[in-house]
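In what follows, a structure is listed as structure tokens, so that the remarks can point back to it.
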Amino acid sequence: MLIGVDKQGRSVMLEVNNLKVEFLSNGKSIAPVDGVSFTVGANETVGLLGESGCGKSVTALSILRLFPLASKARLSGEVRYDGHDLLTLDDAGMRAVRGKQIAMIFQEPMTSLNPLHKIGAQLGEMLRMHTTLVRREIDYMVIAMLQRVGLSRAEQLVNEYPHSLSGGMRQRVMIAMALLCDPGVLICDEPTTALDVTIQAQILDLMRQLKQEQGTSILMITHDLGVVAEMCERVVVMYAGQVVEQSSVHELFDAPAHPYTRALMRARPALDAKPGQPLNAIPGSVPLPGTAGAGCRFAARCTKADDLCRSKMPELAAVTPGHLVRCWHPN
Ligand SMILES: Nc1ncnc2c1ncn2[C@@H]1O[C@H](COP(=O)(O)OP(=O)(O)OP(=O)(O)O)[C@@H](O)[C@H]1O
Ligand SMILES: [Mg+2]
């Protein structure tokens, strides 16, 4: 289900084009996602990186239009998948896309799992909704998928409720549910943040292995540069609702061009850090949506900022082919 080829000759599965998300809050419109564009290639893992509050989850939820009606979200731009703009698809069309063509994994598995239903019934429901398989085939596929994500005693697990599972097991169940219908794109929103480091490493290993076997394209949302380094081929860095840098992972680590990306890298704890050694946290915080001025949104926290930065927003521009940066003074 390729939708085309980009300027670098990559086959594109998912294209987000100038996405803007506005919420109406106290009679005022705020835009936590403000003109975001990127693509996810075939069999590619793209990282969406940034600090808390910069608009990563809102971007992910927009792709599947998963906002509650009450949130009065207004979406504009384009989300192209399989020849359609998902932002203009009708409800029936969107239901057919969710789970079947594009699946999503959340940080907290209980977002997707219903505490009142047995594991087997919940996974089976995905196949009932999206396929014409009969009961016996569905039961077989559910157990096979639970085994594939490394859950032993799958035959018993199907009769258990989510609360009887550990956090790591629930996350595996959620991955199984996401992969059951063999989606073209998998969106993972901080899938391992809530897990301890050992389980986190196991889950990341599992996802890498499944990607190799199944050839799924992945959008991996994270604030963790370690996850980007381990999992992704390309990375999109977001700040305050905008893309500020975009490149291959190799080039990002080799030659980060945006002061924000460089600051994120300095803020990582070093492996040989002494106990009590302070982290180089980035001073200040991400501006709340709707509070940014006319200039670069990072200017207030940037050591390189001058009058130009504070008064005029830089455009996203190429420093080398395929490496984009939004900065007046890139490295
Ligand atoms: N339904 C909503 N109505 C109004 N504002 C919202 C809504 N959902 C999110 N926001 C705001 O949008 C901004 C971006 O939020 P988002 O959840 O996308 O951040 P994030 O990058 O995923 O952060 P985190 O790493 O903490 O998950 C935040 O300021 C948040 O308060
Ligand atoms: Mg989030």
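In listed order, ligands and their atoms are each counted from 1. Keep in mind it's a predicted model, so treat the numbers as computed, not measured.
Listed by chain and residue number, nothing satisfies the side-chain hydrogen bond (donor to acceptor under 3.5 Å, both in side chains) test with T131 (two or more places apart in sequence, or in another chain). In this structure, the side-chain contact (heavy atoms from CB on, under 4.5 Å) partners of S29, at least two apart in sequence or on a different chain, are E22, L24. In this view, E230 and R208 satisfy the salt bridge (charged side-chain N to carboxylate O under 4.0 Å, His left out) rule, not counting sequence neighbours.
Ligand 1 has an N or O atom lying under 3.5 Å from an N or O atom of V58, backbone or side chain. Considering backbone and side-chain N/O atoms, S52 comes within less than 3.5 Å of an N/O atom of ligand 1. Residue-to-ligand polar distances keep I30 apart from ligand 1: every N/O pair is separated by 3.5 Å or more. Looking at ligand 1, you'll find an N or O of G53 within less than 3.5 Å of one of its N or O atoms. Ligand 1 has a nitrogen or oxygen under 3.5 angstrom from a nitrogen or oxygen of K56.
Side-chain atoms of D189 and S57 include a donor-acceptor pair closer than 3.5 Å. Donor-acceptor pairing under 3.5 Å is recorded for the side chains of E213 and Q209.
Of all atoms in ligand 1, numbered sequentially from 1 with element shown, those under 4.0 Å from a heavy atom of E190 are 25 (O). Each of the following atoms of ligand 1 lies closer than 4.0 Å to a heavy atom of P289: 13 (C), 29 (O).
Of all protein N/O/S atoms, those under 2.8 Å from the Mg ion (ligand 2) are S57 OG, and waters are not counted.
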Exercise for the section: Might you work through the side-chain hydrogen bond (donor to acceptor under 3.5 Å, both in side chains) test for R148 and Q214, ending with a clear yes or no? Expected result: CA-CA 11 Å; R148 242 184 102 196; Q214 214 149 331; 3.2 Å; yes

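Distance screen at 4.0 Å: atom 31 (O) of ligand 1 has no protein heavy-atom neighbour inside the cut-off. For atom 2 (C) of ligand 1, a protein heavy-atom neighbour is present inside the 4.0 Å cut-off.
Remark: of the listed residues H258, E245, R301, R301 is the sole one forming a side chain to side chain donor-acceptor pair (under 3.5 Å) with Y239. For the pairing with V46, the side-chain contact (heavy atoms from CB on, under 4.5 Å) check across V40, L14, T39 returns one residue only, V40.
Under a cut-off of 6.0 angstrom, the local environment of CD in E315 is sparse, with at most 12 non-hydrogen atoms contributed by other residues, nucleotides or ligands. Atom CZ of R310 sits in a crowded spot, with more than 12 heavy atoms from other residues, nucleotides or ligands closer than 6.0 Å.
Taking the charged nitrogens against the carboxylate oxygens, R98 and D91 have no contact shorter than 4.0 Å, which rules out a salt bridge. With respect to the salt-bridge test (charged N to carboxylate O, under 4.0 angstrom), the residues E44 and R234 qualify.
In terms of protein heavy-atom proximity, atom 7 (C) of ligand 1 is closest to F23 CE1, 3.4 Å.
Ranked by closest heavy atom to atom 12 (O) of ligand 1, the top entry among S57, A31, P32 is P32.
Here A73 has no heavy atoms under 4.0 Å from ligand 1, in either its backbone or its side chain.
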